[in-house]
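In listed order, ligands and their atoms are each counted from 1.
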Amino acid sequence: MTLSYEELLEKNRRYLWNPFTQMKEYFRDEPVIIERGEGVKLIDVKGREFYDGNASVWLNPHGHNRKEINEAIIDQLGKIAHSTLLGSANVPALLLAERLVKITPERVAKVFYSDSGATAVEVALKMAYLYWKRRGREEKQVFLSMANAYHGDTVGAVSVGGIDLFHSAFDRLLFSGEKVSYPYPYRYPGTLEECREACLQELRERLEEKGEQIAGLFVEPMVQGAGGLIMMPPGYLKEVERLCRKHEVLLIADEVATGFGRTGEMFACDHEGVQPDILCLGKKLTGGYLPVAATLASDEIYDAFFGDHQEAKTFFHGHSYTGNQLGCAAALASLDLYEQEDRVGHVQEMSRFTKERLEKIAVLPHVGEVRRLGLMIGIELVKDRQTKEPYSWEEAMGVRVCRRARELGLMTRPLGHVITFLPPLVVTREDLKAMIDILHQAIREVTGP
Ligand SMILES: *Cc1c(COP(=O)(O)O)cnc(C)c1O
């Protein structure tokens, strides 16, 4: 039985509450109902095709409906779909753990699985907190994180996040912590170097003052994602690492968005040879197929939890679908594709290609800045290019531009007034050309002269 678009939409009205979506607006807007995907395109139940301009919210690296990943899942399905990792292991979870340890920065050596970016962050929080307790350093109980950061939507992850729109709504529910500024060169009244130094100075002072109490520092390395695709000045991250080591603060890298080649290196930490103590991974981990996430920890952290039953050092944390076989099998097939198709090299090449193509967007009268690292691209719209005056919230300029882009055949979402462009990493020159043409037209038409 094939249902019509209208029948499906009626079910949406009656039964489904979409995340991060104002449902009233959503139904005014002729919602898209996806039926299938093919490569970098999404196809809806009406047969319309859309470029997947944000890789289904930053997930998909190799394109939709990839034969290799489909087959790996089917193969695993013929054996078992899921068994628990609580007190037992499974084959794909073991093979994937080994692969992850081999490709990530050296310092992280043990893999703890969960099922989303947010849970990977929760695991990191509890691990870091208990690590210091196990070491007899009870005073280290506070987390330091970045203003404007995004680490997921569970309560712990929101507590170390800093996006006011999400944060302030839940203020009484959250635990308190320390925040420092994340460098935002476009909005800093000075040079790139001055921006970096000012932010580092703030961090130095905070650590001098409170380092004794700080268990860990959360950071989205190189690019602050949901905060507006904001890129760190070179050298900033390396100095953050040095300061963390100096003050005995665990460096917790949230690479849920940046990991797996998005920024032009396998991991964003690789840009500056940075070694986190804890690394959070999700999103592209399973090739954008299934919910498996991972928190990697150093041996030093793992060892602090290692002991006899009587010592009560066990890490009491887990989720039902931890280390799910189907997800791990998909992740292994995805990592094979990274190798076979030199995915990261391809990202570097396509990133260079977008540089020229994006020029025509950068010169539009209401584009303040086009930012890019690898294939992580943000286009910041402004009311006034000279003064950098932002659009007001009521103008909903980002929403309007994305609505027009969708009519023209490209799906993406705005972050306030920043248009996000994170295509599947497999994109070709031809795809990029067509996608950037659509974005250009949408921005030009909607923002006007
Ligand atoms: C998306 C994201 C998360 C949350 O991941 P979910 O799978 O949506 O819970 C956490 N951190 C960063 C940096 C992200 O971009």
H151, portion touching ligand 1 at heavy-atom distance under 4.0 Å: backbone
Mutual orientation of the aromatic rings belonging to F267 and F260 [parallel < 30°, tilted 30-60°, perpendicular > 60°]: perpendicular
Whether H319 and H317 hold their rings parallel, tilted or perpendicular, with breakpoints at 30° and 60°: perpendicular
Check: Y321 main-chain N/O paired with N324 side-chain donor or acceptor under 3.5 Å: no
Identity and distance of the protein heavy atom lying nearest atom 14 (C) of ligand 1: K283 NZ, 3.0 Å
Pairwise salt bridge (Lys or Arg N to Asp or Glu O under 4.0 Å) hits with a residue in residues 156-168, at least two apart: none
Atom 9 (O) of ligand 1: nearest protein contact (heavy atom, Å): A118 N, 2.8 Å
Ligand-side contact atoms (ligand 1) for residue partner G152, heavy atom cut-off under 4.0 Å: 4 (C), 10 (C)
Residue and atom name of the nearest protein heavy atom (relative to atom 3 (C) of ligand 1), distance in Å to one decimal: V256 CG1, 3.7 Å
For S116, atoms of ligand 1 separated by under 4.0 Å from a heavy atom: 7 (O), 9 (O)
Sidechain N-carboxylate O distance under 4.0 Å for R352, E349: no
Nearest-neighbour protein heavy atom for atom 7 (O) of ligand 1, which is reported as residue plus atom name and distance: G117 N, 2.8 Å
Numbered atoms and elements of ligand 1 in range of D254, under 4.0 angstrom, heavy atoms: 10 (C), 11 (N), 12 (C), 13 (C)
Test ring-ring contact (aromatic ring centres under 6.0 Å, His included) applied to H440 - qualifying residues, sequence neighbours left out: none
